[in-house]
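Structure record follows, encoded as structure tokens.
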Number of protein chains: 2
Amino acid sequence: MSASTLTIGQLGNAAGVNVETVRYYEKVGLIQPPPRSASGYRHYPAGVVHRLHFIRRGRELGFTIEEIRALLTLAHHPDEPCAQADLLARQHLAEVEAKIADLTRMRDELSKLAFCDGHAVHDCRLLDALSCHDDHCSVEAVSASPT
Amino acid sequence: MSASTLTIGQLGNAAGVNVETVRYYEKVGLIQPPPRSASGYRHYPAGVVHRLHFIRRGRELGFTIEEIRALLTLAHHPDEPCAQADLLARQHLAEVEAKIADLTRMRDELSKLAFCDGHAVHDCRLLDALSCHDDHCSVEAVSASPT
DNA sequence: GCTTGACCCTGTAGTGACTACAGGGTTCAG
DNA sequence: CTGAACCCTGTAGTCACTACAGGGTCAAGC
Ligand SMILES: [Zn+2]
Ligand SMILES: [Zn+2]
Ligand SMILES: [Zn+2]
Ligand SMILES: [Zn+2]
């Protein structure tokens with residue numbers, strides 16, 4: 001193989017991305033289909049590793065594939081204003097903060113329930129919290145089990 | 001319709017669960033298939049609403065369907081010890097905390113990048129952070145675009 | 001030359017917890 | 001008796017991969 005090209009395995013190794021994932025990124029159009037050898041093997045120009053780096057870092061920050069697609073396009077136009085990229089970042093930050101708030105609510109509730117000093121199910125904090133407290137409803141009322 | 005049974009729509013309304021979701025819970029075995037009318041309509045005994053409440057609250061705490069299935073089974077045995085339920089809660093709490101840690105890392109990085117005072121793409125904090133900084137790599141090196 | 005093992009290929013199906021139709025049938029009030 | 005609101009089944013879509021199945025290719029050592 002030519003010294004200046006990489007197999008898909010070498011590319012994946014260099015960029016820290018699974019081989020299957022590289023093929024997936026090709027399928028969804030994040031990276032270009034590379035030239036193939038006579039037997040059908042992909043041979044990547046060395047520069048592609050940087051594009052994969054970019055994608056991987058974007059994923060580590062939680063950007064979606066579509067957001068990364070947009071950011072890649074923006075990165076190709078270095079002289080244009082970056083307002084669009086910053087907007088994406090701020091929107092994504094807002095989503096991340098919303099998820100944190102959601103999980104924090106769960107964590108606070110769970111930490112009240114997970115360390116239960118009841119010794120039987122009918123005194124369990126967790127199962128009590130999940131059951132509803134209508135007059136005609138109790139832990140035991142969650143019946144009609146399918147199993 | 002009999003006064004003591006509910007259609008799927010009434011059940012969904014009473015429990016705060018989408019009709020499609022109720023059918024989904026039946027399919028995965030969280031609720032029993034109810035009796036049907038001659039024309040095939042589901043008619044639920046009123047008590048099922050409590051089981052759905054339980055499921056919904058479990059989902060709001062982030063438990064998976066399988067965890068809720070286990071918790072429902074535990075709730076049917078009120079005289080047994082609740083150690084199993086508490087273990088599930090603590091394991092789930094640990095997962096939630098791990099997710100929070102992950103998202104917090106993203107948030108901290110994003111908040112450094114999202115309010116960028118650069119005015120062009122080649123000075124953008126976000127795009128700079130995504131690009132790699134090998135000697136031969138820059139924001140512009142993320143090329144070989146498929147579009 | 002031959003074998004062996006590591007690599008590569010395509011295509012499909014699975015993940016979780018729903019959601020969104022498409023394409024019908026039923027019920028009930030006006 | 002008509003129309004809206006409800007119900008039915010079954011399938012496909014979401015997201016970003018991951019895991020095969022069932023093959024083909026390549027390079028090193030014998
Ligand atoms: Zn690079
Ligand atoms: Zn307990
Ligand atoms: Zn109840
Ligand atoms: Zn910027």
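Everything quoted here is computed from the prediction, not taken from an experiment. Protein chains get the first letters and strands the later ones, always in sequence-line order, with residue 1 at the start of each.
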Of the nucleotides D:dC17, D:dG24, D:dC7, which one has an atom closest to the side chain of B:Y41?
D:dC7

Does A:N18 put a side-chain nitrogen or oxygen below 4.0 Å from OP1 or OP2 of D:dT18?
yes

Given the structure, check if the side chain of B:Y24 and the base of C:dG16 hold any donor-acceptor pair shorter than 3.5 Å.
no

Nearest whole Å is fine: how far is C:dC18 C1' from B:Y25 OH?
8 Å

Over all heavy atoms of both residues, which pair between A:C124 and A:C116 is shortest? Give the atoms and the distance, please.
CA-SG, 3.8 Å

If I take atom NE2 in residue A:H92 and atom C1' in nucleotide D:dC15, what distance separates them, rounded to the nearest angstrom?
14 Å

Look up atom CG in B:L93 and atom CG in B:D86, then write down how far apart they are to the nearest 0.5 Å.
12.0 Å

Rounded distance (Å) that lies between atom P of D:dC8 and atom CZ of B:R23:
5 Å

When you get a sec, tell me which of D:dT9, D:dC17, C:dA20 is the closest nucleotide to the side chain of B:R36?
D:dT9

Over all strands shown, is A:S37 touching base, sugar-phosphate only, or nothing at heavy-atom distances under 4.0 angstrom?
nothing

Please report the distance, rounded to the nearest Å, between CD1 in A:I8 and P in D:dT18.
13 Å

CG of B:L71 to NE2 of B:H92, rounded to nearest 0.5 Å, is 9.5 Å

note: B:I65, atom CD1; C:dT19, atom P; distance rounded to Å ~ 11 Å

For DNA chain D, whose closest nucleotide is more 5', that of A:T21 or that of A:A38?
A:T21

Closer to the 5' end of DNA chain D via nearest nucleotide, is it B:G9 or A:F63?
B:G9

Picking from C:dC9, D:dT25, C:dC21, which would you name as closest to the side chain of B:E20?
C:dC21

State the CZ-CD distance between A:R42 and A:E26, to the nearest 0.5 angstrom.
4.5 Å

What contact category does B:R42 fall into here, base, sugar-phosphate, or nothing, at under 4.0 angstrom with non-hydrogen atoms?
sugar-phosphate

Could you give the OH-to-P distance, from B:Y44 to D:dC7, as a whole number of Å?
10 Å

Grab the CZ-P distance between A:R59 and D:dT18 for me, whole Å please.
10 Å

Taking for each residue the nucleotide of DNA chain C with the nearest heavy atom, is it B:S39 or B:T64 whose nucleotide lies nearer the 5' end?
B:T64

Rounded distance (nearest 0.5 Å) linking atom CZ of B:R51 with atom CD1 of B:I68
10.5 Å

Return the value, rounded to whole Å, for the distance between atom NE2 of A:H43 and atom C1' of C:dC8.
10 Å

